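Everything numeric here is computed off the predicted structure, so don't read it as measured data. Residue indices begin at 1 and follow the sequence shown.
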Amino acid sequence: MITTPAADHLTHLFADRTRPLLGAYWPAGFPSAAGGVEALRAFAAEGADILEVGAPHTHPHLDGPAITEAHRHALDHGYEVGDTLDTIWQLTATPGTAVVLMSYWEPVRQYGATRFAFDLAHAGAAAAMIPDLPEEYADVWHLAMRTAGLHTPRFVPWHTTTGDFAALTQATGWLYAAAAPDPTGYQGDLDLTTFAGHAARIRRAAPRTPLVAGIGVSTPARARALAPLVDGIVIGSPLIRAALEQPGAPGIKEAARTVGRFTDALTAASGPR
């Protein structure tokens, strides 16, 4: 597979890591076009390795209240797919980070999968993950992204069966394992023993693909507990809740401080090398 420099950089981030990578998710256009870019740049300054830009969607059915509210806010301000690509383009000069897209399938389908993949590459993205990618479109999507030179991370639901693991070999960049069988924003207890078994099955199916955990990683302490099992952690709802509770600049600053606390927890979990 011939990849873009951005996709190569993402590969090297995982290969050269000294701790689990930290991904910070934030919907484009929230709380505004400029505010979204400002927030993500602040997250990079606090240690985020991957900036995961969400494409606002009318029915984010895998997401909880905080992310759903952020999507609604962006859509109310007229944010569309083209604006999300512009957000990515503005972020790709952020030193040391990889910028990736998280989008539901419907906006991509409407835009056109091949056109979308090449426009993502032009914007400087390293990858795109479609958590609700229909199996009947998987081959089309993966071909479009491979042709554009980008990675295609894959979401692995908690209920994935042994027969479904064969499809994981299509993924590149990383595999995203849900740490809890719930929508994003889950703050209940995590079953680390069950997750460890889930992670082990994923690694057996795709041993060369990095494994990232998200959903339910609501505190730095939980990130630290999961760190030995994965190659990366993605957080989103804890950041967005901070911005919803304190609108404007104070909320973005608190979200950035939260990223810093997660960075510290993952660094501490790795210990001296």
Side-chain angles (χ1 to χ4, degrees), residues 1-14 21 23-29 33 36-37 40 49-63 71 74-75 79-94 97-156 166-176 206 208-210 212 214 232 234 236:
M1 175 180 171
I2 299 174
T3 53
T4 65
D8 286 341
H9 178 58
L10 177 62
T11 300
H12 291 311
L13 280 176
F14 278 106
L21 299 186
Y25 169 86
W26 194 264
V37 173
L40 286 155
D49 307 287
I50 299 170
L51 302 180
E52 190 171 290
V53 181
H57 183 47
T58 52
H59 301 293
H61 59 277
L62 298 175
D63 288 301
H71 278 239
L75 291 170
Y79 228 66
E80 298 179 348
V81 170
D83 302 302
T84 303
L85 292 168
D86 184 64
T87 294
I88 291 170
W89 178 80
Q90 292 184 65
L91 291 168
T92 51
T94 307
T97 63
V99 182
V100 307
L101 175 82
M102 200 295 282
S103 176
Y104 286 90
W105 174 246
E106 185 57 23
V108 175
R109 186 195 67 79
Q110 292 181 5
Y111 197 90
T114 300
R115 177 188 170 204
F116 194 80
F118 278 89
D119 284 356
L120 270 177
H122 181 72
M129 187 175 78
I130 312 294
D132 65 339
L133 178 66
E135 283 303 321
E136 61 266 31
Y137 291 105
D139 288 343
V140 171
W141 173 244
H142 284 279
L143 176 61
M145 290 290 281
R146 282 197 304 271
T147 305
L150 301 183
H151 287 302
T152 51
R154 190 177 180 102
F155 176 64
V156 188
L168 303 184
T169 57
Q170 283 187 297
T172 64
W174 73 82
L175 290 164
Y176 183 108
R208 291 187 295 274
T209 308
V212 170
V234 175

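At least one side-chain heavy atom of L10 sits less than 4.5 Å from a side-chain heavy atom of F14. L143 places a side-chain heavy atom less than 4.5 Å from the side chain of T147. Annotation: side chain of Y104 is in contact with side chain of D63 (closest heavy-atom distance under 4.5 Å).
L91 pairs by the side chain to side chain contact (heavy atoms under 4.5 Å, CB included) definition with V37, L40, R41, L51, V53, T87, T94, V99, not counting sequence neighbours. Scored by the side chain to side chain contact (heavy atoms under 4.5 Å, CB included) test, A125 finds I88, L120 as partners (sequence neighbours excluded). When the side chain to side chain donor-acceptor pair (under 3.5 Å) test is applied to Y25, the partners found at least two apart in sequence or on another chain are H71. A search for ring pair (Phe, Tyr, Trp, His ring centres under 6.0 Å) contacts involving W174 returns nothing, not counting sequence neighbours. Every residue two or more places apart in sequence or in another chain that forms a side chain to side chain contact (heavy atoms under 4.5 Å, CB included) with H59 is listed here: H57. Residues forming a side chain to side chain donor-acceptor pair (under 3.5 Å) with T84 (at least two apart in sequence, or on another chain): none. Evaluation of the side chain to side chain donor-acceptor pair (under 3.5 Å) rule for H142 yields T152 as partners, not counting sequence neighbours. Evaluation of the side chain to side chain donor-acceptor pair (under 3.5 Å) rule for T209 yields no partner, not counting sequence neighbours. Residues meeting the salt bridge (charged side-chain N to carboxylate O under 4.0 Å, His left out) test with D83, sequence neighbours left out: none. In this structure, the ring pair (Phe, Tyr, Trp, His ring centres under 6.0 Å) partners of Y176, at least two apart in sequence or on a different chain, are F155.
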Would T3 and L150 count as a side-chain contact (heavy atoms from CB on, under 4.5 Å) if you check the C-alpha gap in whole Å, the side-chain angles of each, and the deciding distance to 0.1 Å?
-> CA-CA 6 Å; T3 53; L150 301 183; over 6 Å; no

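P153 and A171 get closest at one heavy-atom pair: C-CB, 4.5 Å. Residues A6 and G124 share a closest heavy-atom pair of CB-O, 3.4 Å. Of all non-hydrogen atoms in G36 and W26, the two that sit nearest each other are CA-NE1, 3.7 Å. Across F118 and A144, no two heavy atoms sit closer than the pair CE1-O, 4.4 Å. D49 and L21 get closest at one heavy-atom pair: OD2-CA, 3.3 Å. Residues P56 and A74 share a closest heavy-atom pair of CG-CB, 3.7 Å.
We find the CE-CG distance between M102 and L62 to be 7.5 Å, quoted to the nearest 0.5 Å. Rounded to the nearest 0.5 Å, atoms OG1 (T169) and CZ (R208) are 10.0 Å apart. With values rounded to the nearest 0.5 angstrom, M129 atom CE is found 10.0 Å from L175 atom CG. A distance of 8.0 Å separates OG1 in T97 from CG in L13, rounded to the nearest 0.5 Å. To the nearest 0.5 Å, atoms CZ (R146) and CH2 (W141) are separated by 12.0 Å.
A donor-acceptor distance shorter than 3.5 angstrom exists from the side chain of H151 to the backbone of A7, with no hydrogens or angles considered.
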Distance-only donor-acceptor hits, side chain of residues 131-140, under 3.5 Å, sequence neighbours excluded:
unit_1 : atom_1 : unit_2 : atom_2 : d
D132   : OD1    : W105   : N      : 2.8
E135   : OE2    : R154   : NH2    : 2.4
D139   : OD1    : Q170   : NE2    : 3.1

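Under the side chain to side chain donor-acceptor pair (under 3.5 Å) criterion, the residue pairs touching residues 110-119 are E106-Q110, Y111-D119, with sequence neighbours excluded.
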